[in-house]
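The chain is numbered in sequence order, starting from 1. Below, all heavy atoms of this structure are taken into account, side chains as well, without hydrogens, waters or symmetry copies.
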Amino acid sequence: MIFRRVAQGRPYPAHGLDQRDWAEISPTQVRLADLTTTKTQLDLENLLDEDSTYFGDLFAHCVAWNGELFLEDGLHRAVRAALQQRAMLHARIHTIASSASTPTPPTGSPR
């Protein structure tokens with residue numbers, strides 16, 4: 001299994017970050033096996049395009065919420081890393097504080 005889990009959609013609350021806000025977060029390495037995706041489909045054209053990051057961020061965007069790390073943007077980067085047999089990915093991580101009123105999504109076994 002490449003990712004911790006594959007989810008449909010974003011279970012965490014909206015964060016309101018734009019590209020400029022994401023750019024202010026320093027990238028760090030994350031393990032692919034620790035990521036939960038928020039998309040179930042990948043555009044093959046984005047995966048194969050060498051210039052797929054030309055107009056976007058060079059790093060994937062992840063959201064840490066309720067003890068889980070969600071891959072919000074950059075699925076094509078993560079799959080490309082897996083195809084190159086790399087276990088790590090550089091990503092910007094935004095942390096959203098957990099809230100008692102926000103339901104916790106089901107998770108797999110903790111790592």
Side-chain angles (χ1 to χ4, degrees):
M1 184 75 144
I2 297 171
F3 302 112
R4 176 179 181 184
R5 146 174 108 84
V6 176
Q8 176 62 41
R10 302 172 184 159
Y12 48 86
H15 50 66
L17 297 181
D18 62 17
Q19 288 295 344
R20 186 171 300 188
D21 297 326
W22 279 108
E24 293 178 7
I25 300 172
S26 297
T28 186
Q29 286 191 336
V30 296
R31 288 174 16 106
L32 294 175
D34 292 339
L35 296 175
T36 296
T37 69
T38 59
K39 298 175 184 171
T40 59
Q41 295 184 356
L42 172 68
D43 182 358
L44 189 57
E45 194 171 296
N46 280 342
L47 177 66
L48 300 176
D49 186 5
E50 291 181 17
D51 293 328
S52 64
T53 59
Y54 184 75
F55 293 106
D57 196 341
L58 292 174
F59 305 103
H61 296 173
C62 295
V63 173
W65 182 69
N66 281 353
E68 199 163 348
L69 191 58
F70 295 91
L71 178 61
E72 180 175 286
D73 184 44
L75 180 59
H76 62 288
R77 290 177 189 86
V79 171
R80 192 178 302 145
L83 289 172
Q84 294 171 348
Q85 298 185 5
R86 291 185 286 139
M88 304 293 279
L89 174 73
H90 283 90
R92 301 180 192 275
I93 301 174
H94 173 67
T95 301
I96 297 177
S98 298
S99 170
S101 62
T102 307
T104 304
T107 60
S109 60
R111 294 195 179 253

Report the C-alpha distance between T28 and F59 in whole Å, list the side-chain angles of each, state the deciding distance to 0.1 Å, and finish with yes or no for side chain to side chain contact (heavy atoms under 4.5 Å, CB included).
CA-CA 9 Å; T28 186; F59 305 103; over 6 Å; no

Tell me, please, which residues at least two apart from [X] pass side chain to side chain donor-acceptor pair (under 3.5 Å).
| X | value |
| --- | --- |
| T40 | Q8 |
| R86 | Q84 |
| T36 | E68 |

Nearest non-hydrogen partners of [X] and [Y], listed with the distance:
| X | Y | result |
| --- | --- | --- |
| L89 | A78 | CD2-CB, 3.9 Å |
| I93 | V30 | CD1-CG1, 3.4 Å |
| L35 | F3 | O-CB, 3.3 Å |
| A91 | C62 | CB-SG, 3.8 Å |
| M88 | A81 | O-CB, 4.1 Å |
| I96 | Y12 | CD1-CD1, 3.9 Å |

Cluster link L75 to L32, ILVMFWY, side chain under 4.5 Å:
yes

Treat each ILVMFWY residue as a node, draw an edge where side-chain heavy atoms are under 4.5 Å apart, and state whether V63 and I25 are in one component.
yes

Which residues satisfy the side-chain contact (heavy atoms from CB on, under 4.5 Å) test with A23, sequence neighbours excluded?
none

Got a sec, which residues hit side-chain contact (heavy atoms from CB on, under 4.5 Å) with E24, two or more places apart in sequence or on another chain?
R20

Test of understanding: with ring-ring contact (aromatic ring centres under 6.0 Å, His included), list the residues that count as partners of H15, not counting sequence neighbours.
W22, H94

Nearest-0.5 Å distance that lies between atom CZ in R92 and atom CG in L17
11.5 Å

Within this structure, what is the CZ-CG distance for the pair R4 and L69, rounded to the nearest 0.5 Å?
9.0 Å

Are the side chain of T38 and the backbone N or O of G9 linked by a donor-acceptor pair below 3.5 Å?
no

Does the pair F70 and R5 meet the rule for a side chain to side chain contact (heavy atoms under 4.5 Å, CB included), with working shown?
CA-CA 9 Å; F70 295 91; R5 146 174 108 84; 4.0 Å; yes

Taking the side chain as C-beta and beyond, is there a heavy-atom pair between H61 and Q19 under 4.5 Å?
yes

